Visitor: 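This structure is in structure tokens; I'll ask about it shortly.
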Number of protein chains: 2
Amino acid sequence: MTISEVSEKYGMTQDTLRYYERVGLIPIVPRKPSGVRDYDESSCGWVEFIRCMRNAGLPIETLIEYVHLCQEGPKTNEARKHLLIEERQRLVERIAAMQATLVRLNCKIEHYESMNKVADKLKKSASMIS
Amino acid sequence: MTISEVSEKYGMTQDTLRYYERVGLIPIVPRKPSGVRDYDESSCGWVEFIRCMRNAGLPIETLIEYVHLCQEGPKTNEARKHLLIEERQRLVERIAAMQATLVRLNCKIEHYESMNKVADKLKKSASMIS
DNA sequence: TATTGACTTTGAGTTAACACAAAGTAGTAA
DNA sequence: TTACTACTTTGTGTTAACTCAAAGTCAATA
């Protein structure tokens, strides 16, 4: 697959794909003899994985470390697991914080809606008088 | 309350507090005759609210707009509500994405743990032979 | 009274995460 | 053969959200 196809498929710009590769967020993508990137299944898998993790807010630095570990073979399995467990912890905390915020937003929105109702009632009473 | 007390209380730097006020993320904080900030209950409430929203990832631009609306009186109630509803929608989506990522992380971690078990079993068999 | 320390404003600097521009190359179509 | 298009690398620019520095002010304390 060409970079434009991958860009299309995963909804990321070509610049971002090259940037991710440059900084080590995904392993080096294989090239055609001409030097043009030719994404294989593995490359696409990485792109999709990193997109997912980035969407969830995992920091680039940590992901770069993970990718490095993956490229060093099975001896780094423990280290990778620890890294993932730590990130999971942080993710769980972020989700909890966001859910608390969601509850709060709901309260505020309901508050505004109840104000509307009060306003409606006032209007009704007014129209009944007039 | 002084800025240092507020900074302490909410775990934000004084610089961030001043920055938030400068860009309109919180309303202007009342001052002592000397010009020093003197946070009252309302100011503290705003600081806490904004911290919460920022932690959940709501963009500063949107929050600035919300604060502006709040300062324009009750005629902006509808607009505020709409703004909050939109942000709630985006928040719900972010939470969903993060939960999907969490599931994925769990899978990966379990994968690494099952690999450990296999390794353990191999070790055990080896020790039984020797 | 002099100094100290916490505050003030204004403006510039920093960091993460891209986004863009320039200059060059490979492959294809006319 | 020329023109065109999609790619390449290298390096610079941008944006959000702070963060720091400089120079000055005020109140309290030695």
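Residue numbering restarts at 1 for every chain, and letters A, B, ... go by the order of the sequence lines. Note that this is a predicted model, so its numbers are computed, not measured.
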Visitor: Is it the case that atom CD in E5(B) sees more than 12 heavy atoms from other parts of the structure closer than 6.0 Å?
Guide: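 Counting neighbours around CD of E5(B), more than 12 heavy atoms of other residues, nucleotides or ligands fall under 6.0 Å, so yes.
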Visitor: Starting from C1' on dA17(C), measure out to CG on L63(A) and report it in whole angstrom.
Guide: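 Distance, rounded to whole Å: 13 Å.
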Visitor: For I60(B) and E5(A), find the nucleotide of DNA chain D closest to each by heavy atoms; which residue's nucleotide sits nearer the 5' end?
Guide: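 Per heavy-atom nearest nucleotide, the more 5' residue is E5(A).
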Visitor: To the nearest Å, how far apart are E21(B) CD and dC7(C) P?
Guide: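 It is 14 Å, rounded to the nearest whole Å.
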Visitor: Once rounded to the nearest 0.5 Å, what's the spacing between atom CG of L102(A) and atom CD1 of I95(A)?
Guide: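 L102(A) atom CG to I95(A) atom CD1 measures 12.5 Å (nearest 0.5 Å).
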Visitor: What is the distance, to the nearest angstrom, from the CD atom on Q14(A) to the P atom on dC20(C)?
Guide: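 Checked: the CD to P distance equals 12 Å.
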Visitor: E72(B): what forms a side chain to side chain donor-acceptor pair (under 3.5 Å) with it, not counting sequence neighbours?
Guide: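 Applying side chain to side chain donor-acceptor pair (under 3.5 Å) to E72(B) gives none.
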Visitor: Taking the side chain of S34(A) as its heavy atoms from C-beta onward, which of dT9(C), dA26(C), dC18(D) lies nearest to it?
Guide: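 Of all the options, the side chain of S34(A) is nearest to dA26(C).
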Visitor: Between dC7(D) and T2(A), is there an OP1 or OP2 to side-chain N/O distance shorter than 4.0 Å?
Guide: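 Checking T2(A) against dC7(D): at least one side-chain N or O falls below 4.0 Å of OP1 or OP2.
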Visitor: Can you work out whether P33(A) or L25(A) has the more 5'-proximal nearest nucleotide on DNA chain C?
Guide: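 The 5'-side residue here is L25(A).
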Visitor: Of the options dC20(D), dT8(C), dT9(D), whose atoms approach the side-chain atoms of V36(B) most closely?
Guide: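 Among dC20(D), dT8(C), dT9(D), the one nearest the side chain of V36(B) is dT8(C).
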Visitor: If only side-chain N and O atoms of S4(B) are considered, is one of them under 4.0 Å from the OP1 or OP2 phosphate oxygen of dA6(C)?
Guide: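 So the side chain of S4(B) is outside the cut-off, no N or O lying under 4.0 Å from OP1 or OP2 of dA6(C).
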Visitor: Are there more than 12 heavy atoms of other residues, nucleotides or ligands under 6.0 Å from atom CZ of R90(B)?
Guide: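 No - once you tally the heavy atoms of other residues, nucleotides and ligands closer than 6.0 Å, there are 12 at most.
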Visitor: Send over the distance from R22(B) CZ to dT10(C) C1', rounded to a whole Å.
Guide: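 Taking atom C1' of dT10(C) as the reference, CZ of R22(B) is at 8 Å.
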Visitor: Rounded to the Å, how far apart are I64(A) CD1 and dA16(C) C1'?
Guide: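 One finds 11 Å between C1' of dA16(C) and CD1 of I64(A), rounded.
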Visitor: So R18(B), base contact, sugar-phosphate only, or nothing? Heavy-atom distance under 4.0 Å.
Guide: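 Base, at least one base heavy atom under 4.0 Å.
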Visitor: Can you measure L17(A) atom CG to dT8(D) atom P for me and round it to whole angstrom units?
Guide: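 Checked: the CG to P distance equals 10 Å.
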Visitor: Counting only heavy atoms not in E8(B), do more than 12 sit closer than 6.0 Å to its CD atom?
Guide: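 Open: at most 12 neighbouring heavy atoms sit under 6.0 Å from CD of E8(B).
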Visitor: Could you give the OH-to-P distance, from Y19(A) to dT8(D), as a whole number of Å?
Guide: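 The distance from OH of Y19(A) to P of dT8(D) comes to 18 Å, rounded to the nearest Å.
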Visitor: Any side-chain N or O of Y20(A) less than 4.0 Å from the OP1 or OP2 oxygen of dA17(C)?
Guide: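 For dA17(C), OP1/OP2 do not have a side-chain N/O of Y20(A) under 4.0 Å.
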Visitor: Give the rounded distance in Å between these two atoms: CZ of R37(A) and C1' of dT25(C).
Guide: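 Value for this atom pair: 14 Å.
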Visitor: If you check every side-chain atom of D15(A), which of dA19(C), dA17(D), dC20(D) has the closest atom?
Guide: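 The listed nucleotide nearest to D15(A)'s side chain is dA19(C).
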